[in-house]
Asker: 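Would you mind keeping the following structure in view while I ask a few things?
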Amino acid sequence: MKTSTVPPKTSGLSVQEAQACILGKITPLDTEEVGLAQAFGRALAEEVRANRDLPPYDVSAMDGYAVRAADIENTPQTLQVIEDIKAGDTPRFSLQPGQCARIMTGAPLPSGADTVVRVEDTRPLENDKVEFPVPVKQATDIRLCGENMRQGDVVLQPGEEITPGAVGVLATVKQAKVKVVRKPRVAILSNGDELEALDEPFDPRKIPDSNSYALMAQVQAQGIEPDLLGIARDKPEELADFIQRGLRYDVLLISGGTSVGVHDHVRPTLATLGATMHFWRVEMRPGHPVAFGTSEHSLVFCLPGNPVSSMVCFEQLVLPALRRLMGHRRLFRRTISARLAHAVKSRQGRVEFIRATLSRDASGNTVATPGALQSSGDIRSMACADTLVIAPHDSANLAADAITQMQLLEAAAFQDTADIEGYSTRQ
Ligand code: AMP
Ligand code: MG
């Protein structure tokens with residue numbers, strides 16, 4: 001018989017309320033030190049400061065000639081080359097009137113020089129003389145000392161994601177070890193008598209367990225390697241054994257068996273094992289029967305079994321939780337506004353997440369085309385989705401051409417064409 005610590009409500013929390021409830025129970029995990037080679041994708045747990053001025057002195061931004069701008073005010077002008085300076089050299093002479101120095105990109109400017117003239121804008125003459133045919137403004141093509149960073153400047157903040165660019169900054173300030181927040185340990189459990197595991201013999205009457213793997217990949221996309229606990233059958237004792245193992249992890253994701261069917265044992269079993277259930281049901285579609293609880297050490301998400309519901313609930317509720325645990329400042333998927341290619345039906349009362357693909361119209365504006373199949377049982381609608389179009393809970397339908405808010409999924413990071421010189425509409 002079903003019991004629950006939360007009396008069933010007909011509607012449930014809004015998505016925002018559910019997110020707030022979950023995030024309110026999470027503080028970032030402990031910190032650890034990792035080598036720079038392991039830091040990519042993690043959240044920084046310390047403030048990082050520059051340990052020197054960069055550039056350390058005024059340097060040339062081009063291959064060319066270091067000059068005194070006053071010397072080439074009246075052109076054409078001929079100057080005498082007194083030395084060659086390459087990156088890493090220390091200039092030996094100070095420039096006197098009528099003199100210049102051949103200089104390479106990144107090389108220190110000799111004293112007296114205040115301008116660099118690109119080699120393309122000069123003409124070599126005999127006896128190490130150079131002609132400057134046109135005047136060049138003072139301070140051209142010089143990178144000033146400390147222009148990129150000054151010793152003591154904060155260059156990265158705690159909570160920032162360590163992107164490839166941030167790895168470059170860390171290397172620049174010689175931070176071979178980085179303090180980051182540790183990754184959560186995540187377990188994934190599927191539940192249902194009808195499920196067939198990937199390594200089980202093919203039985204045409206069974207339903208393949210796709211949720212374990214789709215959730216695995218969603219977790220992996222955050223840089224976390226989850227453990228797959230397998231499939232618990234719809235028997236309370238067997239389910240309890242699996243869940244007990246799962247409650248040793250920081251996060252337990254259970255899919256299936258969270259609704260009101262007589263074989264939906266997940267929530268009562270969790271309650272028996274001492275977990276506190278904080279909510280059940282969220283006003284969203286797909287994903288309405290989702291539940292969330294906590295035990296002494298774990299966050300537990302009970303995701304609906306339908307493959308799309310499970311993935312969409314992960315996106316809305318699990319993802320921000322994992323990112324908060326990992327110490328990230330940015331918790332949510334980036335949203336954009338784009339035009340809808342055609343009308344889509346949505347029902348009032350719940351926020352709907354509609355799977356769509358992105359392309360461009362003839363003017364180069366982004367267009368979202370909702371997929372023809374929006375069934376929560378059709379996993380293929382997730383396989384080709386770049387974005388989840390958000391139909392607000394009070395909107396009955398979304399009209400063709402409506403400018404609509406949507407969340408960008410992993411697949412949206414890439415497109416077919418380069419579009420460097422204007423947008424191509426062939427995508
Ligand atoms: P449930 O949430 O257990 O009522 O399941 C809802 C639907 O999702 C049913 O059609 C299940 O067969 C299906 N389902 C449940 N778990 C999985 C899974 N791990 N992989 C694929 N489909 C599933
Ligand atoms: Mg089931």
Side-chain angles (χ1 to χ4, degrees), residues 1-4 6 8-10 12 18 186-220 226-243 245-246 249 251-272 277 279-293 300-318 350 352-353 355 373-385:
M1 266 287 93
K2 299 186 74 64
T3 55
S4 169
V6 179
K9 281 208 259 169
T10 46
V186 178
I188 296 173
L189 174 63
S190 280
N191 165 245
D193 280 351
E194 76 282 25
L195 299 179
E196 179 180 283
L198 200 56
D199 58 359
E200 275 180 335
F202 178 82
D203 176 346
R205 291 164 307 133
K206 292 227 159 178
I207 303 297
D209 168 22
S210 59
N211 291 355
S212 288
Y213 294 91
L215 289 168
M216 171 194 77
Q218 286 181 300
V219 172
Q220 284 172 329
D227 283 348
L228 269 52
L229 301 185
I231 300 169
R233 301 301 164 188
D234 291 325
K235 291 187 200 66
E237 316 77 51
E238 186 177 331
L239 189 59
D241 280 352
F242 274 96
I243 291 180
R245 281 178 54 206
Y249 289 77
V251 179
L252 171 61
L253 307 179
I254 309 173
S255 74
T258 181
S259 199
V260 288
V262 287
H263 301 294
D264 291 339
H265 302 297
V266 169
R267 288 176 301 112
T269 304
L270 275 165
T272 314
M277 299 311 292
F279 65 75
W280 173 47
R281 290 182 162 168
V282 174
E283 286 173 341
M284 61 190 276
R285 187 181 289 115
H288 183 240
V290 64
F292 168 69
V300 188
F301 292 87
C302 308
L303 310 172
N306 272 311
V308 179
S309 312
S310 145
M311 290 191 78
V312 169
C313 286
F314 181 96
E315 283 292 322
Q316 309 313 320
L317 305 177
V318 183
R350 294 181 192 171
E352 287 201 36
F353 296 95
R355 280 79 71 203
L373 289 170
Q374 293 291 336
S375 149
S376 62
D378 188 358
I379 187 63
R380 286 183 306 165
S381 71
M382 281 306 285
C384 56

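Atoms within a ligand are numbered from 1 in the order they appear, just like the ligands themselves. Computed from heavy atoms alone, side chains included, the values below leave out hydrogens, waters and symmetry copies. The chain is numbered in sequence order, starting from 1.
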Asker: Ignoring hydrogens and angles, tell me if any N or O in the side chain of Gln220 forms a donor-acceptor pair with the backbone of Pro226 under 3.5 Å.
Answerer: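 Flag not set: sc Gln220 to bb Pro226 has no pair under 3.5 Å.
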Asker: Quick one: nearest non-hydrogen protein atom to atom 1 (P) of ligand 1, plus distance?
Answerer: Gly257 N, 3.6 Å
Asker: Quick one: nearest non-hydrogen protein atom to atom 4 (O) of ligand 1, plus distance?
Answerer: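 Ranking protein heavy atoms by distance from atom 4 (O) of ligand 1, first comes Asp264 OD1, 4.2 Å.
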Asker: Which protein heavy atom lies closest to atom 19 (N) of ligand 1, and at what distance to 0.1 Å?
Answerer: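 Result: Asp209 OD1, 2.8 Å.
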Asker: Distance to 0.1 Å, residue and atom name: give those for the protein heavy atom nearest to atom 2 (O) of ligand 1.
Answerer: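 Going atom by atom, the protein heavy atom closest to atom 2 (O) of ligand 1 ends up being Gly305 N, 2.9 Å.
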Asker: Please check this pair: side chain of Arg233 against backbone of Asn191, looking for a donor-acceptor N/O pair closer than 3.5 Å.
Answerer: no
Asker: Can you name the atoms of ligand 1, numbered from 1 with element, that are less than 4.0 Å from a heavy atom of Pro208?
Answerer: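 Here the atoms of ligand 1 in question are 20 (N), 21 (C).
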Asker: Considering the heavy atoms of Leu195, write down every atom of ligand 1 situated less than 4.0 Å from one of them.
Answerer: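 Answer, ordered by atom number: 16 (N), 17 (C), 18 (C), 19 (N), 23 (C).
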Asker: Is Asn306 reaching over with its side chain to a backbone N or O of Val308, donor-acceptor style, under 3.5 angstrom?
Answerer: no
Asker: Check each heavy atom of Ser210 against ligand 1 and say whether those closer than 4.0 Å belong to the side chain, the backbone, both or neither.
Answerer: both
Asker: How far is atom 7 (C) of ligand 1 from its nearest protein heavy atom, and which residue and atom is that?
Answerer: Asn306 OD1, 3.6 Å
Asker: Taking all non-hydrogen atoms of both residues into account, name the closest pair between Glu194 and Asp234 and its distance.
Answerer: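 For Glu194 versus Asp234, the nearest heavy atoms are OE1-OD2, 4.4 Å.
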Asker: If only atom types and distance count, is the side chain of Arg267 paired as donor or acceptor with the main-chain N or O of Thr258 below 3.5 Å?
Answerer: yes
Asker: Counting heavy atoms only, which part of Ser310 comes closer than 4.0 Å to ligand 1: side chain, backbone, both or neither?
Answerer: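 It is neither; nothing of Ser310 touches ligand 1.
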Asker: Asn211 versus ligand 1: do any nitrogen or oxygen atoms come within less than 3.5 Å of each other?
Answerer: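 Asn211 vs ligand 1: N/O contact under 3.5 Å present.
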Asker: Within the distance-only criterion (no hydrogens, no angle test), does the side chain of Asn211 pair as donor or acceptor with the backbone N or O of Gly305 below 3.5 angstrom?
Answerer: yes
Asker: Checking side-chain polar atoms at under 3.5 Å, does Asp209 have a donor or acceptor matched by the opposite partner on Ser212?
Answerer: yes
Asker: Is there a donor-acceptor pair closer than 3.5 Å between any side-chain N or O of Gln218 and the backbone N or O of Phe314?
Answerer: no
Asker: Short question: side chain of Arg355, backbone of Phe353 - any donor-acceptor pair under 3.5 Å?
Answerer: yes
Asker: Measure Ile231 to ligand 1 on non-hydrogen atoms and call it side chain, backbone, both or neither using the 4.0 Å cut-off.
Answerer: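 None of Ile231 does.
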Asker: Measure the distances from the heavy atoms of Ser255 to every atom of ligand 1 and state whether one is below 4.0 angstrom.
Answerer: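 Checking ligand 1 against Ser255, which is what was asked, there is a heavy-atom contact under 4.0 Å.
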Asker: Can you sort out which atoms of ligand 1 are near Ser190, meaning under 4.0 Å from one of its heavy atoms?
Answerer: 19 (N)
Asker: If you measure every N or O of Glu194 against every N or O of ligand 1, does any of those distances drop under 3.5 Å?
Answerer: yes
